[in-house]
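Step one of this worksheet: look at the structure below.
Keep in mind that what you see is a predicted model, and the values were worked out from it rather than measured.
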Amino acid sequence: NGSCHYPTTLELMGKKEKEAAPRGKKAASSGRSADLLATQGGFVGFETLSGEGGLGYLGAAGGSGEADEDISPAVRQMLVKLKKKDPTTRLKSLKDLESCLPSCADEDSSGILHHWPRLYQRLVLDNERRVRASSQRVMQQLVLRAGKSMAPQLKALIGPWLLAQHDTNRDVAALAKDAFETAFAGDKKIKTLVFCKAEILQYLGNYVTVQTAESLSDGCHTTEAPDVAARYERVVMAALLALAHFVAAVPQPCLAECAESLQEILSAARFWKLAKHDSGLVRGALYDFAAVAAKHLGPTLALELKRPTTVVFNGLKDQDGNVLRSALNAVLHFAVHLPECWTAVDARKALLPDLWQLLREGGRTCAALLSDSLLPLFTRIPEAVVGSGAGFHQEWLGNLQKGIVKNVRHADVLCRGFFECVRTFLASTTQEVVECALKYGVRLLVALLSLKSSLPLVTAQLGRLCALLPPKLREQDHTGQEVQLLSQELLQFVQALVQKQQVLAAPTGAETADLATAPSSGSADSTAAAAA
């Protein structure tokens with residue numbers, strides 16, 4: 001009859017319809033409302049984090065209403081500012097949190113802890129180094145203040161916490177490690193990793209098998225292409241190193257329990273393709289993980305060994321010194337801990353061409369590591385790859401000799417590894433191998449004589465060679481063939497040495513005219529006699 005009142009939907013929900021703003025006054029904007037609520041308590045909303053399970057709301061809707069209502073307005077404002085686009089604002093807010101945590105009320109510290117995991121997940125990925133470092137300082141203070149109260153939040157924190165410990169910036173990584181040491185002393189660190197194994201593998205595996213540079217930047221402040229690429233490289237590298245740390249730290253029973261999750265990561269096509277990434281940081285981190293995996297994840301790797309073996313062997317092509325160092329270390333670990341790798345691929349095609357090239361280049365910038373790896377690697381190469389006769393040994397020593405002459409700066413270091421191989425070859429029961437060792441041992445000295453200012457180097461290497469020869473040459477069943485071969489090679493060495501002395505003694509310029517009328521002193525003969 002027109003007098004009945006029908007309730008609206010808002011009234012049924014316990015809310016009143018919004019009245020129109022009086023004339024002459026502006027309706028409050030959403031930004032003004034957020035600022036007002038941030039200072040007076042209640043619900044606070046801001047943009048949703050995407051791709052990282054981040055914090056969409058800060059307030060009663062963000063989780064426990066009790067924890068939200070107890071946060072003081074000042075602390076609430078600090079948390080809100082951590083979402084601001086300006087890195088300076090985020091940095092200032094983090095410093096304010098760091099200062100207030102030691103003395104703030106228990107309700108405030110509990111509220112901060114309640115919201116910290118979602119905020120921390122985003123902060124450890126921040127492109128601004130100072131923000132990442134400051135977030136670790138806040139974590140340190142939170143550990144000191146909350147203590148065991150952090151237990152309910154541990155599984156949400158452990159992934160990004162482990163990632164931060166392998167940040168590309170040493171200061172950030174050190175701060176994250178210090179906070180972790182403070183929270184878990186002694187063997188509690190390992191127990192924590194074991195307890196959170198599923199969350200760790202899920203978190204880190206996501207970055208190395210699923211995320212791309214574009215997806216990792218979704219919902220973030222970083223939009224410029226160089227910043228997006230740098231963020232991806234930094235995060236993936238840290239995830240690979242954190243994954244290697246986890247695998248090396250936890251005991252074998254834990255790895256056995258994680259076998260399915262680990263196999264899922266290792267079998268992902270995107271994972272091993274990281275070896276072709278433009279960034280040397282990412283490639284090097286992948287080879288570092290491969291070395292650890294060879295030592296600790298043998299049964300898991302053996303399920304699909306061809307792909308990782310191919311990737312690791314191809315790493316010897318890398319021209320980046322730091323990456324090559326990691327790749328060479330990975331090759332050695334595969335050879336030592338995974339003997340099945342030699343049958344998983346055709347080693348003569350997959351490894352030897354790149355290995356010979358590396359030897360000819362003197363290890364590039366990894367001469368010391370190459371020298372130390374020569375003998376351990378050779379002793380792990382199976383007979384099926386070495387073959388019969390001395391052909392493989394000639395390739396080994398011949399290519400290495402070229403590398404020593406080419407990389408003269410590290411010649412002494414490389415010669416150490418060279419003569420260790422010579423010692424091993426001299427102990428062979430195959431006559432051809434022994435003769436190969438003698439021949440190339442002396443020929444290296446001849447090759448070194450062609451270098452400028454090489455006499456001290458040649459003298460040192462001659463001493464190394466002589467230290468190896470007597471025991472072998474004094475054996476009773478010796479046929480004498482090695483003696484004849486050694487005599488022939490040494491004769492060539494003496495002739496080269498005499499020529500070297502004559503070149504060094506040759507007069508130049510005005511000295512030539514003075515010496516033209518001087519009687520011969522027989523210096524060449526005396527030099528030859530001394531060399532003999």
Side-chain angles (χ1 to χ4, degrees), residues 51-54 117 119-140 156-181 189 192-193 196-197 199-218 220-222 226-250 261-262 265-266 268 270-275 277-293 320 322-323 325-326 330:
E52 302 163 20
L119 294 168
Y120 185 64
Q121 287 178 19
R122 187 183 183 92
L123 291 168
V124 297
L125 306 181
D126 202 291
N127 261 35
E128 175 57 54
R129 172 191 56 80
R130 295 175 301 167
V131 171
R132 301 199 306 275
S134 190
S135 68
Q136 305 313 317
R137 295 189 183 96
V138 173
M139 175 66 89
Q140 175 83 305
L157 286 170
I158 190 64
W161 204 350
L162 198 59
L163 187 80
Q165 293 177 50
H166 296 86
D167 194 282
T168 52
N169 184 270
R170 294 182 179 180
D171 294 337
V172 175
L175 288 167
K177 290 176 182 177
D178 289 344
F180 198 73
E181 290 279 350
K189 291 189 289 293
T192 300
L193 296 179
C196 302
K197 57 184 180 295
E199 289 74 19
I200 291 173
L201 292 177
Q202 182 180 9
Y203 179 84
L204 298 177
N206 176 53
Y207 288 123
V208 297
T209 62
V210 178
Q211 295 288 350
T212 63
E214 292 73 21
S215 64
L216 195 57
S217 65
D218 286 348
C220 300
H221 304 307
T222 302
D227 293 336
V228 169
R231 177 191 179 98
Y232 179 75
E233 293 168 9
R234 186 182 69 251
V235 173
V236 172
M237 186 217 73
L240 287 167
L241 295 181
L243 197 59
H245 172 80
F246 171 81
V247 170
V250 300
S261 298
L262 288 166
I265 294 173
L266 295 176
R270 185 187 296 273
F271 181 77
W272 294 108
K273 286 181 180 178
L274 293 173
H277 197 276
D278 292 338
S279 170
L281 293 176
V282 174
R283 299 197 306 274
L286 179 67
Y287 293 128
D288 288 338
F289 170 80
V292 173
D320 186 312
N322 292 326
V323 178
R325 188 173 291 105
S326 297

The test is ring pair (Phe, Tyr, Trp, His ring centres under 6.0 Å); show your working for Tyr203 and Phe246 and say whether it passes. CA-CA 12 Å; Tyr203 179 84; Phe246 171 81; over 10 Å; no
Please assess Tyr120 against Gln136 for the test side chain to side chain contact (heavy atoms under 4.5 Å, CB included), listing each intermediate value before the final yes or no. CA-CA 9 Å; Tyr120 185 64; Gln136 305 313 317; 2.8 Å; yes
Closer than 3.5 angstrom, by distance alone: can the side chain of [X] be matched with the main-chain N or O of [Y] as a donor-acceptor pair?
| X | Y | answer |
| --- | --- | --- |
| Ser134 | Arg130 | no |
| Arg283 | Val323 | no |
| Arg132 | Asp126 | yes |
| Asn127 | Asp227 | yes |
| Arg231 | Leu125 | yes |
| Arg270 | Val208 | no |

Return the minimal non-hydrogen interatomic distance between [X] and [Y], and the atom names on each side.
| X | Y | answer |
| --- | --- | --- |
| Asp288 | Ser326 | OD1-OG, 2.9 Å |
| Ala268 | Thr209 | CB-CG2, 3.7 Å |
| Ala133 | Leu175 | O-CD1, 3.6 Å |
| Val124 | Pro160 | CG2-CB, 3.7 Å |
| Asn169 | Val172 | OD1-N, 3.1 Å |
| Ala330 | Ala290 | CB-CB, 4.4 Å |

May I ask you to decide if the ring planes of His166 and His245 are parallel, tilted or perpendicular, using 30° and 60° as cut-offs? tilted
Mind checking whether Phe271 and Phe289 have parallel, tilted or perpendicular rings, split at 30° and 60°?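 If you compare the ring of Phe271 with that of Phe289, the planes turn out perpendicular.
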First locate atom [atom1] of [X], then atom [atom2] of [Y], and finally report the distance between them rounded to the nearest 0.5 Å.
| X | Y | atom1 | atom2 | answer |
| --- | --- | --- | --- | --- |
| Glu233 | Leu274 | CD | CG | 11.5 Å |
| Leu243 | Leu162 | CG | CG | 9.0 Å |
| Leu201 | Cys196 | CG | SG | 11.0 Å |
| Gln165 | Glu181 | CD | CD | 8.0 Å |
| Ile200 | Leu193 | CD1 | CG | 4.5 Å |
| Leu281 | Leu286 | CG | CG | 13.0 Å |

Go through it in stages, so that I can follow the logic: the residues are Leu216 and Thr212, the test is side chain to side chain contact (heavy atoms under 4.5 Å, CB included), and I'd like the CA-CA distance, side-chain angles, deciding distance and then a yes or no. CA-CA 6 Å; Leu216 195 57; Thr212 63; over 6 Å; no
Val250 vs Lys197, side chain to side chain contact (heavy atoms under 4.5 Å, CB included): CA-CA, chis, key distance, verdict: CA-CA 9 Å; Val250 300; Lys197 57 184 180 295; over 6 Å; no
Test Val131 against Leu123 for side chain to side chain contact (heavy atoms under 4.5 Å, CB included), laying out the working first. CA-CA 7 Å; Val131 171; Leu123 291 168; 3.9 Å; yes
How about Lys189: does its NZ atom have over 12 heavy atoms from other parts shown lying under 6.0 Å from it? yes
With a 4.5 Å limit on heavy-atom distance, are the side chains of Ile158 and Phe180 in contact?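 A side-chain contact under 4.5 Å exists here.
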Can you find a heavy atom in the side chain of Gln121 that is under 4.5 Å from one in the side chain of Trp161? no
